[in-house]
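Written below as structure tokens is the structure these notes are about.
Every chain is numbered from 1, with letters handed out A, B, ... down the list of sequences. Hydrogens, waters and symmetry mates play no part in the numbers below; they use all other heavy atoms, side chains included.
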Amino acid sequence: MSKKKSLYIYNSLSRKKEFFEPLNPPFVGLYVCGPTVYSDVHLGNVRSFMTFDVVYRYLTYLGYNVRYVRNITDVGHLLDDSDTGDDKIEKRARLEKIEPMEIVQKYTNGFHNTVNQFNLIPPSIEPTATGHIVEQIEMVQRIIKNGLAYEVNGSVYFDVKKYSEEHHYGELSGRKLDELLEQTRDNLEGGDEKKYFADFAIWKKASEETIMKWDSPWGIGVPGWHLECSVMSTKYLGQEFDIHGGGMDLKFPHHECEIAQSVGADGVNPVKYWMHGNMLTVNGTKMSKSLGNSFLPHELISGDHPLLEKGYTPMTVRFFFLQANYKSTVDFSNDALQGAEKGLIKLMNAIKTLSKLISSEKSSIDLNTIITNCNDSMNDDFNTPMTIAHLFDGVKMINSINDGKATISLSDLEKLQEHYNIFVFEILGLLPQNTDSSNDELPSELMNIIIELRKKSKENKDWDTADLIRDELKKLNISIKDTKDSSVWNYEE
RNA sequence: GGUUCCGUGGCCGAGUGGCUAGGCAGUGCUCUGCAAAAGCAUCUACAUCAGUUCGAAUCUGAUCGGAACCUCCA
């Protein structure tokens, strides 16, 4: 097995593919910005988390000991910096007339359910912002102590201007402060507490009505949104860690501010490799909550949405996403989804065939090329579409062997089965469809009897009966496909 | 307006300076009681215009079109 650790990762910071070398092998620290749990996650969110699910799976496959941290933002996601310190969750809580923590619990549960449906592996640690208020206050203090933050009326702002005297604010997003200034002139008006337009709140004074608030050296308030990620990544992965992931839309200002805070507090540039997943689009426009063009998971599965012609399984969607590079946008369309659906069935059927393949003395196929190609493409910045293409090369091979047009030795067969198990199920994280029912012994026994009966009627050239059996089973979403001297049955979608 | 990125065949999507991934759909053939599956073969390409080069879809420039970000977003 050519499982060489020659992984290259596209680093958003350098805008280049870089050879991946963990800071402390065999350990790898992976931090991914999780959801703000104020409403249902949509498919665009899912794609982002799925990207890093594959990253986690592949790093694990390579033998790294990965600590995977993905936070839950349950406080501090302010509507904006200039208002009264209201955040997204509180606003929602008022709307639904329940406790903020009920909102948090409700949508955290929803998030977990969704993410489970798409077979995402839970992170090693899933910390919450509210669980790290003390650490956040401490970080604010460190930043103040270093002279890079100032207090105004119970709020604390990060001093971007001061910071930029010695550091490069904008190194990740490629932004220049003076250019930013031109485009955000409006922000300078209106009695802002900030000294400089680009300053951002790291602690915000709470208003009377605010429900979730904490005491601090600056009075009652809430932590700033950007701060939690810096605090929790530092706490669980150290001041400097390997990979930080998130959606493209978090690059600025969120991730830029994270860098500034960490450098401002501890003097260390926190992340070695920054990874950013691209957006999911609908008719060419970003899927987002605020635009109202997002699909919710249950709409996707049922097909109950004006833009969907039918429902699609989570695995179809997973496969669909993985057929595109994570750095590209993916446009959601029925044609594309239906193509993915059929492609996935083809792949899964081949895996089923693979498990029943009969070995020969010798192999007439070149197994190592496929295995090497799959490893190489994953090593090339997690190129899943390429990997899937290589897996389809193997599908051709598997079907040829099944048709008797090629042969495979026992040791090669075992190797090939292992390869597909690892790549399809463990790395790409696909699941066989309908596992729950096909694992049941009774239907399988019953089907054997039915197929035997049908075989008898075929031998008697009683085509009416044979077709009747097949047609009636079809109504139960069970398909029968005849091979040379037997029949194969499957559940259909 | 600024920053970053993209424009590949009917649809989705990789990709390297020369040997034209892959999936879906189409066409023909093989197999087959029929159907499906599968196999084999095959048809549609690299936004436009210049330039560099022996050779460019791949490099450079311009043009056109699209997207994300520019303090809500994964």
Side-chain angles (χ1 to χ4, degrees), chain A residues 12 15 32-36 38 41-52 77-82 87-88 170 173-176 179-180 182-184 187 197-201 225-226 245-254 256-257 276-281 284-291 294 319-320 323-325 327-331 333-347 349-350 353 373 377 383-393 395-396 398-400 402-406 458 461 463 466-467 470-471 474 479-484 488 490:
Chain A
S12 305
R15 298 182 186 81
V32 175
C33 288
T36 301
Y38 70 102
V41 285
H42 65 249
L43 239 29
N45 305 115
V46 171
R47 152 128 122 129
S48 186
F49 299 129
M50 191 183 293
T51 295
F52 297 102
H77 202 146
L78 303 173
L79 292 168
D80 60 66
D81 268 359
S82 54
D87 84 2
K88 289 188 169 208
S173 55
R175 291 203 157 72
K176 296 186 179 75
E179 284 170 358
L180 276 172
E182 282 176 30
Q183 291 122 35
T184 30
N187 276 8
F197 79 99
D199 293 350
F200 54 91
W225 173 41
H226 311 303
M248 214 78 120
D249 48 359
L250 294 181
K251 218 181 201 180
F252 188 88
H254 187 57
E256 200 71 71
C257 295
H276 290 96
N278 214 323
M279 300 294 106
L280 176 65
T281 62
T285 315
K286 176 181 174 181
M287 179 181 283
S288 89
K289 289 176 187 174
S290 48
L291 289 174
S294 54
F319 186 71
F320 170 64
Q323 271 191 302
N325 192 292
K327 294 195 296 299
S328 312
T329 53
V330 165
D331 199 57
S333 75
N334 283 285
D335 283 353
L337 234 23
Q338 278 162 31
E341 184 174 56
K342 291 196 178 159
L344 178 63
I345 290 171
K346 185 176 179 176
L347 179 64
N349 283 342
T353 305
N373 284 345
S377 53
N383 193 334
T384 51
M386 203 66 186
T387 305
I388 289 171
H390 293 314
L391 288 171
F392 273 110
D393 289 339
V395 166
K396 215 166 232 185
I398 290 164
N399 288 324
S400 300
N402 194 42
D403 284 1
K405 286 173 183 161
K458 278 172 71 183
K461 298 206 189 292
W463 309 125
D467 289 350
R470 191 169 57 193
D471 292 346
K474 182 138 190 116
S479 72
I480 289 213
K481 282 158 193 167
D482 295 339
T483 60
K484 273 230 163 60
V488 183
N490 269 309

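One atom, NZ of K251(A), and another, C1' of U4(B), lie 6 Å apart when rounded to the nearest Å. At whole-Å resolution of the value, NE2 in H390(A) and P in G23(B) are 12 Å apart. One can place CG of N334(A) at 15 Å from P of A25(B), the figure rounded to the nearest angstrom. As rounded to whole Å, 15 Å separates atom C1' of A25(B) from atom CG of L337(A). Regarding K88(A), its NZ atom lies at a distance of 12 Å from the C1' atom of U71(B), rounded to whole Å. For the pair I388(A) CD1 and G23(B) P, the computed distance is 12 Å after rounding to whole Å. Per the geometry, CG belonging to L347(A) stands 14 Å off C1' belonging to C24(B), to the nearest Å. Rounded to whole angstrom, the span from the CZ atom of F252(A) across to the P atom of C69(B) amounts to 13 Å.
Counting heavy atoms from C-beta on, the side chains of K286(A) and D249(A) come closer than 4.5 Å. Side-chain contact between L280(A) and T329(A) is absent, with no heavy-atom pair separated by less than 4.5 Å. A heavy-atom distance below 4.5 Å is not found between the side chains of N325(A) and T384(A). Residues E256(A) and R175(A) fail the side-chain proximity criterion, which asks for heavy atoms closer than 4.5 Å. Between K458(A) and D482(A) there is a side-chain heavy-atom pair separated by less than 4.5 Å.
Contact between M287(A) and L43(A) at its shortest, heavy atoms only, is SD-CB, 3.9 Å. The shortest non-hydrogen separation linking H226(A) to F200(A) is CD2-CD1, 3.7 Å. When every heavy atom of F320(A) is checked against every heavy atom of A340(A), the shortest pair comes out as CB-CB, 3.8 Å. In terms of heavy atoms, F252(A) sits closest to S173(A) at CD1-OG, 3.3 Å. In this structure, G284(A) and D331(A) approach most closely via the heavy-atom pair N-OD1, 2.8 Å. Of all the heavy atoms in S12(A) and H276(A), the pair that sits closest is OG-ND1, 2.8 Å.
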Between protein and nucleic acid, restricted to nucleotides 9-12 of chain B and to nitrogen or oxygen atoms under 3.5 Å apart, what atom pairs and distances do you find?
none

List every contact pair, protein side and nucleotides 34-40 of chain B side both N or O, where the distance is under 3.5 Å.
residue: C34(B); atom: O2; partner: R470(A); partner atom: NH2; Å: 2.5
residue: C34(B); atom: N3; partner: R470(A); partner atom: NH1; Å: 3.1
residue: C34(B); atom: N3; partner: R470(A); partner atom: NH2; Å: 3.2
residue: C34(B); atom: N4; partner: D482(A); partner atom: OD2; Å: 2.9
residue: A35(B); atom: N1; partner: D482(A); partner atom: N; Å: 3.1
residue: A35(B); atom: N3; partner: R470(A); partner atom: NH1; Å: 2.9
residue: A36(B); atom: N1; partner: D482(A); partner atom: O; Å: 3.0
residue: A38(B); atom: O3'; partner: N399(A); partner atom: ND2; Å: 3.0
residue: A38(B); atom: O2'; partner: D403(A); partner atom: OD2; Å: 2.8
residue: G39(B); atom: OP1; partner: N399(A); partner atom: ND2; Å: 3.4
residue: G39(B); atom: O2'; partner: K405(A); partner atom: NZ; Å: 2.9

Using atom names, set out every protein N or O paired with an N or O of nucleotides 65-68 of chain B below 3.5 Å, distance rounded to 0.1 Å.
residue: A68(B); atom: OP1; partner: K286(A); partner atom: N; Å: 3.1

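Between A324(A) and S173(A), the residue anchored closer to the 5' end of RNA chain B is S173(A), taking for each the nucleotide with the nearest heavy atom. Comparing F319(A) and S328(A) against RNA chain B, the residue whose closest nucleotide sits nearer the 5' end is S328(A).
With a cut-off of 3.5 Å on both Watson-Crick or G-U wobble distances, the partner of A67(B) is given as U4(B). In this structure G17(B) sits in no base pair that meets the Watson-Crick or G-U test at under 3.5 Å. In this structure, C34(B) forms no base pair with any nucleotide, since neither Watson-Crick nor G-U wobble geometry is met with both distances under 3.5 Å. Pairing of U53(B), defined by two Watson-Crick or G-U wobble distances under 3.5 Å, is not identified with any nucleotide. Across every strand in view, U48(B) sits in a pair with A62(B) that passes the Watson-Crick or G-U test at under 3.5 angstrom. With a cut-off of 3.5 Å on both Watson-Crick or G-U wobble distances, the partner of G39(B) is given as C29(B). The nucleotide G9(B) finds no pairing partner, because no Watson-Crick or G-U wobble arrangement with both distances shorter than 3.5 Å includes it.
Residue L280(A) is classed as a base contact, given a heavy-atom separation below 4.0 Å to a base. Across all strands, A340(A) comes closer than 4.0 Å to no nucleic acid atom at all (heavy-atom distances). Using a 4.0 Å heavy-atom cutoff across all strands shown, H42(A) reaches at least one base atom of the nucleic acid. No contact: G277(A) has no heavy atom under 4.0 Å from any strand.
Comparing the P positions of C69(B) and U60(B) gives an interatomic distance of 26 Å, to the nearest angstrom. G10(B) and A45(B): their P atoms are spaced 7 Å apart (whole Å). On the P atoms, U3(B) is 14 Å away from U63(B), given to the nearest whole Å. Taking the C1' atom of each, U42(B) and C54(B) are spaced 32 Å apart, rounded to whole Å. Across C46(B) and U58(B), the matching C1' atoms stand 10 Å from one another, rounded to whole Å. Comparing G15(B) with G9(B), their C1' atoms are spaced 15 Å from each other, to the whole Å. On the P atoms, G7(B) is 15 Å away from C11(B), given to the nearest whole Å. Using P as the reference atom, A21(B) and A41(B) are 14 Å apart when rounded to the nearest Å.
For the pair R470(A) and D467(A), the salt-bridge criterion is met [side-chain N within less than 4.0 Å of a carboxylate O].
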Working for side-chain contact (heavy atoms from CB on, under 4.5 Å), residues M279(A) and M248(A): CA-CA 7 Å; M279(A) 300 294 106; M248(A) 214 78 120; 3.7 Å; yes

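In this structure, F392(A) does not pack face-to-face on the six-membered ring of G22(B), missing the 5.5 Å centre cutoff or the 30° plane limit.
Using cut-offs of 30° and 60° for the angle between ring planes, the F319(A) and F392(A) rings count as perpendicular.
Looking at N278(A) and S328(A), their side chains never bring a donor and an acceptor atom within 3.5 Å of each other.
When the nucleotides G22(B), U4(B), U71(B) are ranked by their closest atom to the side chain of A389(A), G22(B) comes out on top. For L250(A), counting side-chain heavy atoms from C-beta on, the closest listed nucleotide (A74(B), A14(B), C72(B)) is A74(B).
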